[in-house]
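Throughout, numbering of the chain's residues begins at 1 and tracks the sequence.
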Amino acid sequence: QVQLVESGGELVQVGGSLRLSCAASGQWYTVAWFRQAPGKEREFVAAMNWRTSYADSVKGRFTISRDNAKNTVYLQMNSLKPEDTAVYYCALASSYSMTTMTSGYDYWGQGTQVTVSS
């Protein structure tokens, strides 16, 4: 059974950096990060299978990566902006198909709060 646990969220300053981690168990296919800000729908941030995909809002600032030996997925966030404030979720799909839709993912972590001060 797949389990995902996010960590690393905290209060950071505008322009700062933060690295989120997602410890995953079980078989990995496409893995993604989503985020949900207050009053908004959960939105796609980044995904990875054999390649990577990013939302336009984070491209050039965020990097998704993984360490297979540690079964951990990361989201490196640089040049943080107040609009990056959200709960960030790690998600896994049951296939290698890349999608930006929440419905395309089968397993979700509990979320970790990222707050960027302004």
Side-chain angles (χ1 to χ4, degrees):
Q1 193 72 74
V2 175
Q3 301 285 346
L4 301 92
V5 180
E6 304 99 330
S7 62
E10 62 181 73
L11 175 66
V12 297
Q13 296 180 333
V14 170
S17 297
L18 192 64
R19 174 171 285 225
L20 305 183
S21 298
C22 175
S25 63
Q27 185 65 247
W28 288 18
Y29 297 96
T30 299
V31 60
W33 288 94
F34 286 77
R35 67 187 183 186
Q36 188 165 19
K40 293 189 174 183
E41 295 288 304
R42 192 168 299 186
E43 67 174 358
F44 173 80
V45 175
M48 176 179 65
N49 47 24
W50 309 120
R51 59 181 63 185
T52 58
S53 180
Y54 298 92
D56 289 341
S57 60
V58 307
K59 191 172 296 183
R61 299 189 299 120
F62 290 12
T63 303
I64 186 172
S65 63
R66 66 185 180 192
D67 185 328
N68 292 320
K70 296 181 179 179
N71 282 170
T72 301
V73 180
Y74 303 99
L75 184 68
Q76 177 66 47
M77 305 183 293
N78 299 324
S79 302
L80 284 162
K81 305 174 180 179
E83 52 263 44
D84 295 319
T85 295
V87 176
Y88 284 71
Y89 298 89
C90 181
L92 294 182
S94 297
S95 74
Y96 291 111
S97 296
M98 191 81 74
T99 179
T100 62
M101 304 295 291
T102 57
S103 61
Y105 295 85
D106 305 289
Y107 309 100
W108 294 83
Q110 82 287 354
T112 185
Q113 176 71 49
V114 172
T115 302
V116 184
S117 64
S118 61

The test is side chain to side chain contact (heavy atoms under 4.5 Å, CB included); show your working for Ser95 and Tyr29 and say whether it passes.
CA-CA 5 Å; Ser95 74; Tyr29 297 96; 5.5 Å; no
Heavy-atom pair of closest approach, residues Ala24 and Leu92:
CB-CD1, 4.4 Å
Which heavy atom of Thr72 sits nearest to which heavy atom of Ala23, and what is that distance?
OG1-CA, 4.3 Å
Disulfide bond (SG atoms under 2.5 Å apart) contacts in which one or both residues fall within residues 35-118, not counting sequence neighbours
Cys22-Cys90
Side-chain contact test, heavy atoms from C-beta onward, threshold under 4.5 Å: evaluate it for Val14 versus Ser118 and give yes or no.
yes
Nearest 0.5 Å, what's the OG1-CD distance between Thr102 and Glu43?
11.5 Å
Provide the full list of salt bridge (charged side-chain N to carboxylate O under 4.0 Å, His left out) pairs with a residue in residues 79-97, sequence neighbours left out, each pair given once.
Arg35-Asp84, Arg61-Asp84
By side chain to side chain contact (heavy atoms under 4.5 Å, CB included), Val12 pairs with (sequence neighbours left out) Glu10, Leu18, Leu80, Val116
Suppose we call two aromatic rings close when their centres sit under 6.0 Å apart. Are Tyr96 and Trp50 close by that rule?
yes
Taking the side chain from Thr30 and the backbone from Ser97, do they hold a donor-acceptor pair closer than 3.5 Å?
yes
Transitive ILVMFWY side-chain link Val5 to Val114, under 4.5 Å:
no
Closest contact, heavy atoms only, Ser21 versus Trp33:
O-CH2, 3.7 Å
Quick check: is Leu20 connected to Tyr89 through a chain of hydrophobic side chains (ILVMFWY, heavy atoms under 4.5 Å apart)?
no
Of the options Met48, Met98, Lys59, which is the one that meets Ser53 in a side chain to side chain contact (heavy atoms under 4.5 Å, CB included)?
Met98
Treating Gln110 as the side-chain partner and Glu6 as the backbone partner, does any N or O pair qualify as donor plus acceptor under 3.5 Å?
yes
Mind checking ring pair (Phe, Tyr, Trp, His ring centres under 6.0 Å) for Phe34 and listing every partner two or more places apart, or none if nothing turns up?
Phe44, Tyr105, Trp108
Are Val73 and Tyr107 grouped together when hydrophobic residues (ILVMFWY) are joined by side-chain heavy atoms under 4.5 angstrom apart?
yes
Determine the minimum heavy-atom distance between Thr85 and Ala37, stating which atoms define it.
O-CB, 3.6 Å
Can you measure from OH (Tyr88) to CG (Leu75) and round to the nearest 0.5 angstrom?
7.0 Å
Mind checking what makes side chain to side chain contact (heavy atoms under 4.5 Å, CB included) contact with Asn78, not counting sequence neighbours?
Ser17, Gln76
Under the salt bridge (charged side-chain N to carboxylate O under 4.0 Å, His left out) rule, collect the residues that match up with Lys70, sequence neighbours excluded.
none
